[in-house]
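Heads up, the thing below is written out as structure tokens.
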Amino acid sequence: MTDQIDFTMMYVTHDAFRRDLVRLEAAVADGRAVTQEVREGWDNFTAQLHVHHAVEDEWLWPRLAELAGDRPGAPALLAEMEAEHARLDPLLEELGGALEANAADLAERVETLTTVLDRHLEHEEDEALPLIQEVMTPADWKEFGSAMARRQGVKGAAAYVPWIIDGMSRADRRRFLAHLPAPVRAINRLAWTPRYRRRRLWNPTGTGSLKKAA
């Protein structure tokens, strides 16, 4: 049995995707889809999702195939993960175009994307993460994290960290930030989070849910 892997980063990222789609749904329902803050919130959401899925496709699934490819059900599960990513890509593109046009069917498109993404995230959490726990080591998982960090770069990290903690409870925020090096926590508090707040993503009134970072 391998040592236990800490999936905190995966879960908080999934939760941030779900949170943003709730905000998008509310913005469409309130007639705010045309605002700059909602458009920038959408752009940030899609950028985060593309990075997340790209590193899974390029690093995580191939590595998992190496380690678990001969286990019953593993090849089918990995094929499903890749197919679900591929299905999301056109939905994102189509919804982006619908937002630009303020299309009449925006609410339906948001509902479709939410349903498809929720099913994928649940599938990954319920089946892929347990398989990863069985066959990967914490060192393998750390390599995945390093691959994600390389893809994000400093600019990506500056967007990712405050995006993740947006709306978190104080306790959850502290738990998440404890996974980061002290210098990263400091620069997030001093620079990244204040810059993120000024963008007012999803919220044209400027009363967003991002609380003071620890």
Side-chain angles (χ1 to χ4, degrees), residues 2-23 37 40-64 81 85 117 120-122 124-125 128-133 135-203 206-214:
T2 61
D3 293 335
Q4 291 294 295
I5 293 171
D6 184 348
F7 289 123
T8 295
M9 293 298 189
M10 184 68 82
Y11 281 116
V12 296
T13 302
H14 285 188
D15 287 347
F17 292 139
R18 293 176 173 116
R19 177 206 66 212
D20 275 9
L21 286 181
V22 170
R23 291 178 175 178
E37 291 85 356
E40 289 188 3
W42 168 255
D43 289 344
N44 183 69
F45 166 83
T46 55
Q48 298 291 348
L49 188 60
H50 283 312
V51 167
H52 185 75
H53 282 176
V55 181
E56 287 183 337
D57 289 338
E58 295 167 9
W59 194 97
L60 185 57
W61 307 143
R63 180 60 174 155
L64 192 54
M81 291 293 106
H85 283 187
L117 183 58
H120 167 64
L121 297 178
E122 289 175 4
E124 188 172 300
E125 292 165 358
L129 295 190
L131 179 60
I132 290 169
Q133 190 70 265
V135 302
M136 283 189 172
T137 65
D140 293 322
W141 192 249
K142 185 177 180 179
E143 286 187 39
F144 170 59
S146 296
M148 188 69 73
R150 287 193 299 272
R151 173 59 72 96
Q152 288 175 326
V154 175
K155 184 177 180 180
Y160 173 80
V161 174
W163 171 72
I164 286 292
I165 64 175
D166 186 359
M168 274 187 176
S169 69
R170 187 177 184 86
D172 287 344
R173 189 168 65 249
R174 285 189 180 278
R175 280 193 289 270
F176 167 74
L177 291 171
H179 286 77
L180 306 179
V184 174
R185 294 198 300 270
I187 195 171
N188 175 66
R189 183 177 66 253
L190 297 172
W192 295 351
T193 286
R195 183 164 60 240
Y196 181 91
R197 281 202 192 100
R198 289 193 295 270
R199 296 179 68 190
R200 300 186 300 170
L201 301 185
W202 301 111
N203 185 23
T207 56
S209 58
L210 185 63
K211 301 173 184 178
K212 185 176 181 181

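These numbers were taken from a predicted model, which means no experiment stands behind them. The figures that follow rest on heavy atoms only: side chains count, while hydrogens, waters and symmetry mates do not.
- Shown here are the ring-ring contact (aromatic ring centres under 6.0 Å, His included) partners of Y11, two or more places apart in sequence or in another chain: there are none.
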Quick one: do N203 and E37 satisfy side chain to side chain contact (heavy atoms under 4.5 Å, CB included)? Show the steps, please.
-> CA-CA 6 Å; N203 185 23; E37 291 85 356; 5.7 Å; no

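- In this structure, I164 and A16 approach most closely via the heavy-atom pair CD1-CB, 4.0 Å.
- Here the CD1 atom belonging to I165 is positioned 4.0 Å from the OG1 atom belonging to T193, to the nearest 0.5 angstrom.
- Side-chain atoms of L49 and D20, non-hydrogen and from C-beta on, never get closer than 4.5 Å to each other.
- Contact of the L180 side chain with the N188 side chain is not registered, since no non-hydrogen atoms from C-beta on lie closer than 4.5 Å.
- H52 is linked by a ring-ring contact (aromatic ring centres under 6.0 Å, His included) to H14, F17, counting only residues two or more places apart in sequence or in another chain.
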Considering only distance and modelled atom types, tabulate donor-acceptor pairs under 3.5 Å from the side chains of residues 144-153, sequence neighbours left out.
unit_1	atom_1	unit_2	atom_2	d
S146	OG	K142	O	3.1
R151	NH2	E58	OE1	2.6
R151	NH2	E58	OE2	2.9

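- Among residue pairs with one or both ends in residues 47-57, none qualify as salt bridge (charged side-chain N to carboxylate O under 4.0 Å, His left out); sequence neighbours excluded.
- Heavy-atom minimum distance, M168 versus R173: O-NH1, 3.4 Å.
- Using a 4.5 Å heavy-atom cutoff, the side chains of D3 and T137 are not in contact.
- Using bins of under 30°, 30° to 60° and over 60° for the plane-to-plane angle, the ring pair H120/H53 lands in the perpendicular bin.
- Side-chain atoms of E125 and F7, non-hydrogen and from C-beta on, never get closer than 4.5 Å to each other.
- W42 pairs by the side chain to side chain donor-acceptor pair (under 3.5 Å) definition with nothing, not counting sequence neighbours.
- Pairing each heavy atom of Q4 with each of P138, the nearest pair is O-CG, 3.8 Å.
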Start with the C-alpha distance between V161 and L177, add both sets of side-chain angles, then the distance that settles side chain to side chain contact (heavy atoms under 4.5 Å, CB included), and finish with yes or no.
-> CA-CA 9 Å; V161 174; L177 291 171; 4.2 Å; yes

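- The side-chain heavy atoms of M136 and L60, taken from C-beta on, include a pair separated by under 4.5 Å.
- For the residue pair D140 and R63, the shortest heavy atom distance occurs at OD1-NH2, 3.2 Å.
- Listed here is the closest heavy atom pair of P162 and W192: CG-O, 3.9 Å.
- Atom CG of L190 and atom CZ of R195 lie 11.5 Å apart (nearest 0.5 Å).
- Between R185 and A178, the closest heavy-atom pair is NH1-O, 4.2 Å.
- No side-chain heavy atom of W141 sits under 4.5 Å from any side-chain heavy atom of D6.
- Counting heavy atoms from C-beta on, the side chains of Y160 and T13 come closer than 4.5 Å.
- Partners of D15 by side chain to side chain donor-acceptor pair (under 3.5 Å), not counting sequence neighbours, listed by chain and number: R18.
- Within the 4.5 Å cutoff, side-chain heavy atoms of W163 are placed close to those of R19.
- R23 has a carboxylate O that lies under 4.0 Å from a charged side-chain N of D166, or vice versa, which qualifies the two as a salt bridge.
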